[in-house]
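Note sheet for the following structure.
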Amino acid sequence: MNTVFADEPHGECIRVRGLVQGVGFRPTVWRLAQELALTGEILNDSEGVLIRIWGEAEDLKRFLPSLLESLPPLARIDKLECSDWVVGKPPDSFRIIASERGAIHTGVLPDAASCDDCVRETLDPFNRRYRYPFTNCTHCGPRFSILRKIPYDRANTSMAQFPLCEDCRSEYENPDDRRFHAQPTACHVCGPKARLRRQDGSPFSLDRFTSLDDIDAAANLLRTGEIVLIKGIGGFHLACDAANASAVNRLRERKGRPHKPLALMARDIEVIARYAEVGELDRRALLSKRSLKKY
Ligand SMILES: [Zn+2]
Ligand SMILES: [Zn+2]
């Protein structure tokens, strides 16, 4: 019979239930295990995530509090169950074990607003995702809208037709990268492209606007009072400059919506506050991970 003494090196088995798959949970645990010099393994299974760790009692004690402190933004733990993990020979490293195919029955997360890191990359001229409109990672991006069937794997999403380039693949396979197993990850090289078309399908000549790219050209069209139909991940948006009365009237005429209110889009909360009263609850909803963005 094995007896585990709390102050000796030992193993613990931790069952985690909640929204813990496809949100960067395993790499977070992997990183934490490196930091605390713990060994063992982690895997996704039909009930959520199973962690088996082994190490010095002092380090093991720090594991759970540190995990709760550094949860990835989209993760949510509903239940934790801990038990002893009795192993003959302690493992010499911490490994992420591949999940068994077909064993996963977890819920699918809704789309999430771009995270701050992705926004920063998209706005950084030195980053390889500069101005790439479909930038995402395990902390953000589309989920439900691009899913065709479960489990949530790239092959089952509308990203299946875009094989990863070498750079994206190495991020996808690196547990130390926030794009580890980010199913919809993409870049200029391998991902979908944004294209601006006229109503009759013909392309725009960007020279006319001296635009940076098609998205910049669409922004310029909006600024000059044109109506642009924007295909987003979850549907289409007819858009025009809300501060341009003649553009709004033209949109209302064409849509046959003379009076019905139209939804407004704004760059950030500061712009919204110029036009509307923003209460504390509104502010929290607008800046939440579920929002449709804040930059
Ligand atoms: Zn992100
Ligand atoms: Zn790529």
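Hydrogens, waters and symmetry mates play no part in the numbers below; they use all other heavy atoms, side chains included. In each ligand, atom 1 is the first atom listed, and ligand 1 is the first ligand listed.
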Worksheet item: With a 3.5 Å cut-off and no angle check, do the side chains of Asn249 and Arg252 form a donor-acceptor pair?
Response: no

Fill in: Asp117 bridged to Arg179 by N-O distance under 4.0 Å
no

Worksheet item: Looking at Glu58 and Lys61, does any basic side-chain N land under 4.0 Å from a carboxylate oxygen?
Response: yes

Worksheet item: In terms of the angle between their ring planes, are His181 and Tyr172 parallel, tilted or perpendicular, with boundaries placed at 30° and 60°?
Response: parallel

Item to complete: State whether Cys190 contributes an N/O/S atom found under 2.8 Å from the Zn ion (ligand 2).
Response: yes

Discussion item. So, 2.8 Å as the limit: is an N/O/S atom of His139 located closer than that to the Zn ion (ligand 1)?
Written reply: no

Worksheet item: Please state the angle at the Zn ion (ligand 1) spanned by SG of Cys140 and SG of Cys137: what is it, rounded to 10 degrees?
Response: 120°

